[in-house]
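Taking it in order: structure first as structure tokens, then the write-up.
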Amino acid sequence: MPNINDIQNEIIEDFSLFDDWMEKYEYIIDMGKSLPLIDEKYKTDDYIIKGCQSKVWLKAEKEGDRVNFYADSDAVITKGIISMLIKVLSGQRPEEIANADLYFIEKIGLKEHLSPTRSNGLVSMIKQMKYYGLGMESKIVN
Amino acid sequence: MPNINDIQNEIIEDFSLFDDWMEKYEYIIDMGKSLPLIDEKYKTDDYIIKGCQSKVWLKAEKEGDRVNFYADSDAVITKGIISMLIKVLSGQRPEEIANADLYFIEKIGLKEHLSPTRSNGLVSMIKQMKYYGLGMESKIVN
Amino acid sequence: MPAILKENSAIKFRAVREARGDFPILSTQMNGRPLVFLDSAASSQKPQFVIDAIDKYYREQNANVHRGVYSLSQLATDLFEQSREKVRAFINGQYSREVIFVRGATEGINLVAQSYGRKFFKPGGTIILSQLEHHSNIVPWQMIAEEKGLEIKVIPINKEGELQLDTFEQMLSEKVQMVAVNHISNALGTVNPVKEIVEMAHRFDVPVLIDGAQATLHGSIDVQEIGADFYVFSGHKMFGPTGIGVLWGKEELLNKMPPWHGGGEMIKTVSFEKTTFNELPFKFEAGTPNICGSIGLGAAVDYFSQFDPKEVVAYEKELLAYCTSGLEEVGGIRFVGTAKNKTSVVSFLLEGTHPYDVGIILDKLGIAVRTGHHCTQPLMDHYGIPGTIRASMAMYNNKEDIDRLIEGVRRAKMMLG
Amino acid sequence: MPAILKENSAIKFRAVREARGDFPILSTQMNGRPLVFLDSAASSQKPQFVIDAIDKYYREQNANVHRGVYSLSQLATDLFEQSREKVRAFINGQYSREVIFVRGATEGINLVAQSYGRKFFKPGGTIILSQLEHHSNIVPWQMIAEEKGLEIKVIPINKEGELQLDTFEQMLSEKVQMVAVNHISNALGTVNPVKEIVEMAHRFDVPVLIDGAQATLHGSIDVQEIGADFYVFSGHKMFGPTGIGVLWGKEELLNKMPPWHGGGEMIKTVSFEKTTFNELPFKFEAGTPNICGSIGLGAAVDYFSQFDPKEVVAYEKELLAYCTSGLEEVGGIRFVGTAKNKTSVVSFLLEGTHPYDVGIILDKLGIAVRTGHHCTQPLMDHYGIPGTIRASMAMYNNKEDIDRLIEGVRRAKMMLG
Ligand SMILES: Cc1ncc(COP(=O)(O)O)c(C=O)c1O
Ligand SMILES: Cc1ncc(COP(=O)(O)O)c(C=O)c1O
């Protein structure tokens, strides 16, 4: 399994091919559309992280010394970004998740989606993923 | 007894002699200092008109078909202005008091003292005098 | 006809099409493209005229009000009280002392709910709201209803988003203690028959609060004609500054209500033994008010009076029709809120997409629309949707703005479809 | 030491004497003479820096916050939340979510009295205020005390205008449910030993609200060092705009308090059946906030950080001493408030004259001072006077201002004497 920064760098490289925001967003939307990221049965209030604008569902499972994440959103752009976050963090070791510096988001020009004031649920989702990394199961609903 | 406008015109003429605000205010202050305008025993809460900045006491007495006013203030400039108001309105007939257009105040450049927001009690006092003119004894406390 | 119109009938109005140039922000860019601002229902932009009034205030006129004997303080006080009078004329209230300056519509509603409600609401009574209400005209009533043991009932809407007055009529009884509805729905643009509503409620002696937050952007209001007991609105939604709004109420009612916030300005005398309260409007304006905000709001009223309200309404109707038919041509559009009488608000969904995704793509194209529940969750729940895309227009918008929107929606459809 | 100072320790400060030129209003005239503004305790003047921030906001950045996905709304939201963080740093609070934006000190006190008081005050308990308080820190407590059946007790002062801490100590008991005192007296300038007061109250687990309305003009504050539970202040008194102020409170307490105003922004979900409230700070910020006001306040904080707070304090002390000795020389002056530790406020009477008369004459000479009871009637009653003449100075004043004042008082003495 490649480590967190390897995966981040790979995503950054992928994005460097795009000429403008359109191509970039088309790619994100494609990712959002293609991936089944979570079993429908988990899309319940137990797993929800509520943004004002879009909903996010997140489930974490421990497998040996690794944490796997499953997530979804009702908005496809949010879902596309989620799929990248899962690519980067899922299957990694808890400490690494907790300490991860997710620089790829800024590098690929999506920082705005993760502003604490964006209220799409993503900031809370990352917080939640890191909590899982710390072995804390407390659920933050935003 | 000269009528209201005669007295007003006389005051305006007096004031036209002054060169600057200093002389004008010295004159008002002198008037405020010299005149005993009300018997001390009426300076009670029954006769008070409370401004935020200075207090005014006002008493009206009917004498035949005329109304006489007695008033005072704890601030000497306010009292000086009161003494002019009394000069103009006291001893006049009720209807004339009620309908008086007190243009002298603006003409002698003291309009600002009678702004509704001045809160020195003078606006309420004039209102009160006019109420007396209308034969109404209801007391406005401001 | 509001007094302000009567007074201005001799004035030569400016053409509405000139308005756009008065708003500096409309010449800026967003994401590298000329800004298309279609979120005026959330907050309007400000004309240079209002910005100048604010600037002048702080550069030349600033001082605390109602306090100083010095000329600067008198000047600030006069400007502040003149603004109150301008607002009175704008809504054709009877006395300027009926105009209470608050932070915005929300605070105005809270004031009435807390002050009137705490004194007059009786347990077991009813408060009538409508399915169309903004959270700000729901939550304050829920809070006082819970405290005092009242029940909230809701005027239903038809599928066009219009209030069902026949049901409302049946809901009325002596048990009802307040009716609170908006003049214009922020989410759908529906213009409600507030005059009728007031008449119906008054037959049962029920007081009526009208939430006019969305109404004042489209021209002056006549509270006496409407007959309401309370009318609230926000300055920032009518070309004015943020942090200022108005509660207008009938003097008789306001006089009976206890003060709400305590502090400086709202008292006559204070001692630790006994405090007596000031008269209207000061009784309800504790502390230093938003002086500059009030003066800015007065300037917004003056700005309005440069235009013919009839022309404003006609122009906005034209934009509404143009936008609606343009979107229809795109295809796959579901309009939410299709009342016969509506303002220049278009709420819609693009089939198979989430409003948020559409909003993001429009943003990249320099187009500002609002997406989400518009602080009307009960209304969205009623329609069974998470939210809508809402384009709301003001007199400073033009057809090119709409063209850009339509083109943007096409693009979003292509990208997301 | 407040964080803001630590962060700035490497910065080269501007000289305090440069400040005056930053305030456009100080170059205007009043009654034909250059304005001498000595009423900063009522409301401070605004530097061009703050005026520019306001102007820029309305010209380039205005949109409603926390709502839109479009960039302009994001920008406004970021600026608004950055201001919250600036304020946190300025008062050295722990978390920016402890900073609640309100209209001013008065609203902040009402919020605590109503929200905390209604939930936690118990009948038969006591609220401790002081003889020095502003009406805004008296009336809200009287209102809740009457509603809930509490008694108000008053910390006495000595003839210099200093709080009597030994009496305060005796007043404390388990029955006390709140202590609310000002940091600095607006009428006298007394700087109160707030840290000691908090320590004493906390021994009995009594929460303390500090009314900091007069403190923030003189530099940054350290709420953690003071140890208070609540701290309130107004933007307009610290070079910021009108209509904005701050309630800072300890997170733990704010979390326990019920919301006060209901409406948009302060909710998580709304339905007619059940509404859930948002987290701090939004729980207490119902409706559209004063966005531009908050951003202007943030700019005022930035402005402050250009100067060395130590130099500000020293400079103001110099002005105070100069003013006091100048007035002494005039003769016939009675100083009201002669605390050892006081800010640049001089309250006085001119023998045989009424403060109003003196105020009028100073006004004619272009000098703005405040006369009257300064919204502290109980304090004036204590001294048995109707009011005072108060000259209050800020860092933008200079010795020429004081010279003009002294000359003006001489003139008034001559004219009235
Ligand atoms: C000590 C003190 N507390 C409270 C206030 C009230 O502040 P505001 O009127 O800005 O709410 C003031 C100012 O008037 C004050 O000086
Ligand atoms: C219909 C309606 N009512 C009330 C409000 C609340 O206004 P404010 O947030 O300015 O207090 C709004 C605006 O958001 C609104 O659209």
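So you know, we letter chains A, B, ... as the sequences are listed, proteins then strands, and number each from 1. Bear in mind that the values here come from a model prediction, so they are computed numbers and not experimental data.
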Sort D:Phe101 into side chain, backbone, both or neither according to what part of it lies under 4.5 angstrom from a heavy atom of chain C. neither
So what's closer than 4.5 Å to chain D heavy atoms on C:Glu133: side chain, backbone, both or neither? neither
Under 4.5 Å from any heavy atom of chain D - which part of C:Val102: backbone
Atom CD of C:Gln29 with >12 non-hydrogen neighbours under 6.0 angstrom: yes
When only pairs under 4.5 Å are counted, which of C:Thr371, C:Thr28, C:Ile51 shares the most heavy-atom pairs with chain D? C:Ile51
Rounded to the nearest 0.5 angstrom, the CD-CG distance for D:Gln45 and C:Asn62 is 4.5 Å
C:Pro140 to D:Gly262 - nearest heavy-atom pair and separation: CG-O, 3.4 Å
Closest heavy-atom contact between C:Gln377 and D:Thr269? OE1-CA, 3.1 Å
Contact class of C:Arg118 relative to chain D, heavy atoms under 4.5 angstrom: side chain
Could you label the plane-to-plane angle of the C:Trp260 and D:Trp260 rings as parallel, tilted or perpendicular, counting under 30° as parallel and over 60° as perpendicular? tilted
side-chain hydrogen bond (donor to acceptor under 3.5 Å, both in side chains) with C:Tyr70: which of D:Asp363, D:Asn31, D:Asp39? D:Asp39
Measure the acute angle between the ring planes of D:His261 and C:His261, then classify it against the limits of 30° and 60° as parallel, tilted or perpendicular. tilted
Select one option (side chain, backbone, both, neither) describing which atoms of C:Gln142 are under 4.5 Å from chain D's heavy atoms. side chain
Heavy-atom pairs under 4.5 Å with chain D - which of C:Gly366, C:Pro258, C:Ser136 has more of them than the others? C:Ser136
Relative to chain D, which of C:Arg59, C:Met30, C:Lys46 shows the most heavy atom pairs under 4.5 Å? C:Arg59
Ignoring hydrogens, what is the shortest heavy-atom contact between D:Thr242 and C:Gly293? Give both atom names and the distance. OG1-N, 4.1 Å
Proximal component of C:Phe37, with respect to chain D [non-hydrogen, under 4.5 Å]: side chain
The interface call for C:Pro289 against chain D, heavy-atom contacts under 4.5 Å, is backbone
Which portion of C:Leu129 sits near chain D, non-hydrogen atoms under 4.5 angstrom: side chain
Under a 4.5 Å heavy-atom cut-off, does chain D meet the side chain of C:Asn110, its backbone, both or neither? side chain
Give me the atom names and distance for the closest heavy-atom approach of C:Asn64 to D:His236. ND2-CE1, 3.8 Å
What part of C:Val50 gets closer than 4.5 Å to chain D, counting heavy atoms only: side chain, backbone, both or neither? neither
Under 4.5 Å from any heavy atom of chain D - which part of C:Val270: both
Segment of C:Phe23 engaging chain D (4.5 angstrom heavy-atom cut-off): neither
For D:Val69 and C:Ile360 the tightest heavy-atom approach is CG2-N, 4.0 Å
For the interface with chain D, which of C:Thr288, C:Asp381, C:Ile244, C:Ile367 has the highest count of heavy-atom pairs at distances below 4.5 Å? C:Thr288
Count the heavy atoms of every other residue, nucleotide or ligand shown that sit under 6.0 Å from NZ of D:Lys283, and state whether that count exceeds 12. yes
Kindly determine whether C:Ile138 and D:Phe272 satisfy side-chain contact (heavy atoms from CB on, under 4.5 Å), including the steps that lead there. CA-CA 8 Å; C:Ile138 298 175; D:Phe272 286 112; 3.9 Å; yes
Working to the nearest 0.5 angstrom, can you tell me the gap between D:Thr275 OG1 and C:Met143 CE? 10.0 Å
Who among C:Gly264, C:Ser43, C:Ser27 has the most heavy-atom pairs with chain D under 4.5 Å? C:Gly264
Proximal component of C:Ser44, with respect to chain D [non-hydrogen, under 4.5 Å]: backbone
Reported CD-to-CD distance for the pair C:Gln114 and D:Gln114, which is rounded to 0.5 angstrom: 7.5 Å
Which heavy atom of C:Val139 sits nearest a heavy atom of D:Met266, and at what distance? CG1-SD, 4.1 Å
For C:Gln61, is it the side chain, the backbone, both or neither that has a heavy atom under 4.5 Å from a heavy atom of chain D? backbone
If you tally heavy-atom pairs under 4.5 Å between each of C:Leu75, C:Leu72, C:Asp55, C:Leu35 and chain D, the highest tally belongs to C:Leu72
In terms of heavy-atom pairs under 4.5 Å with chain C, the winner among D:Ile267, D:Leu26, D:Leu362, D:Ile152 is D:Ile267
Among D:Ala42, D:Cys375, D:Ser40, which has the most heavy-atom pairs under 4.5 Å with chain C? D:Ala42
